[in-house]
Amino acid sequence: MAKRARNKAYVVWVGRRPGVYHSWAECELQVKGFDGARFKGFPDATEAARALEEGPAAYWGAGERPRRPAAPRAPDERPTKGLCVDAACNGAGGDVEYRGVLLPGAAQVFHAGPFPRGTNNIGEFLALVHGLAYLRQRGETLPVYSDSRVAIGWVTRKQSRSGWIADGSAGAELQALVRRAETWLQGHDHGIEIRKWETADWGEIPADFGRK
RNA sequence: ACAU
DNA sequence: CCATGT
Ligand SMILES: [Mg+2]
Ligand SMILES: [Mg+2]
């Protein structure tokens, strides 16, 4: 996997001991639980050092993000019929749960978890497969919506590509559920339409857990 | 970069 | 700010 351009240096303007740090772990010690802390990551130590001189004012936030999400761009086109699925994960390696919600109305029709030691993508994948099985069992012809490109991709190829599954670091229960989901996909021609939920246009998917 |  | 993925 092409690694993301990750921050390598962190400037702490306000914290236990202001300065430049070379790992998030070090930075976090200076900043976590420190009221009014101001800090930011940079690609390298040179940029971080310059930022330390300039002060935090040049770099907007103080750990605060916009309180409200951006407004949907096309709420008029928001789907009114279908099964929406979503997952929640308490950090990579944290607890995973997922659910499905039926439109119109957004009534919850299934929910599973929390299961220990998973990832966002494992949850999104299980949610989507559960949605397909749910619709198939009832002979429903509705589309399923997911906001996860990763999950849609895995389901389309009927196999997950989770690093946490591949190397066995996911919880045993999740490991088994993913395996079962893959087997189910490979054995059923569900014929259900899978659609991407366009969050930027329509707002959060109705199945969202609202924890962000 | 994009989606979470 | 972190992490999981294409
Ligand atoms: Mg989601
Ligand atoms: Mg969500």
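Throughout, protein chains are lettered first and strands after them, A, B, ... in sequence-line order, and every chain is numbered starting at 1. This is a predicted model, so every value here is computed, not measured.
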May I have the distance from [X] (atom [atom1]) to [N] (atom [atom2]), rounded to whole angstrom?
{"X": "A:Glu28", "N": "C:dA3", "atom1": "CD", "atom2": "P", "answer": "10 Å"}
{"X": "A:Phe39", "N": "C:dC2", "atom1": "CZ", "atom2": "C1'", "answer": "10 Å"}
{"X": "A:Leu128", "N": "C:dG5", "atom1": "CG", "atom2": "P", "answer": "15 Å"}
{"X": "A:Gln30", "N": "C:dC2", "atom1": "CD", "atom2": "P", "answer": "15 Å"}
{"X": "A:Tyr10", "N": "C:dC1", "atom1": "OH", "atom2": "C1'", "answer": "8 Å"}
{"X": "A:Phe125", "N": "B:U4", "atom1": "CZ", "atom2": "P", "answer": "18 Å"}
{"X": "A:Asn121", "N": "C:dT4", "atom1": "CG", "atom2": "P", "answer": "9 Å"}
{"X": "A:Lys212", "N": "B:U4", "atom1": "NZ", "atom2": "C1'", "answer": "8 Å"}

Out of [options], which nucleotide sits closest to the side chain of [X]?
{"X": "A:Trp164", "options": "C:dT4, B:U4, C:dC1", "result": "C:dT4"}
{"X": "A:Arg6", "options": "C:dG5, C:dA3, B:U4", "result": "C:dA3"}
{"X": "A:Ala92", "options": "B:U4, C:dC1, C:dT4", "result": "C:dT4"}
{"X": "A:Lys196", "options": "C:dT4, B:U4, C:dC1", "result": "B:U4"}
{"X": "A:Val150", "options": "C:dC2, C:dT6, C:dA3", "result": "C:dT6"}

Contact class for [X] vs. all strands (heavy atom < 4.0 Å): base, sugar-phosphate, or nothing?
{"X": "A:Asp147", "answer": "sugar-phosphate"}
{"X": "A:Gly163", "answer": "sugar-phosphate"}
{"X": "A:Gly41", "answer": "sugar-phosphate"}

Short side-chain N/O contact to [N] OP1/OP2 from [X], under 4.0 Å:
{"X": "A:Trp197", "N": "B:U4", "value": "no"}
{"X": "A:Ser148", "N": "C:dG5", "value": "no"}
{"X": "A:Thr199", "N": "B:U4", "value": "yes"}
{"X": "A:Thr119", "N": "C:dG5", "value": "yes"}

Answer with yes or no whether the side chains of A:His111 and A:Tyr98 bring together a donor and an acceptor at under 3.5 Å. no
Is there a donor-acceptor contact under 3.5 Å linking the side chains of A:Asn121 and A:Thr119? no
Quick one: list whatever passes ring-ring contact (aromatic ring centres under 6.0 Å, His included) with A:Trp164, sequence neighbours left out. none
After noting the C-alpha distance and the side-chain angles of A:Asp44 and A:Lys8, does the key distance pass the salt bridge (Lys or Arg N to Asp or Glu O under 4.0 Å) rule? CA-CA 5 Å; A:Asp44 59 74; A:Lys8 273 188 180 157; over 6 Å; no
Do A:Glu198 and A:Arg78 sit within salt-bridge range, that is, some charged N less than 4.0 Å from a carboxylate O? no
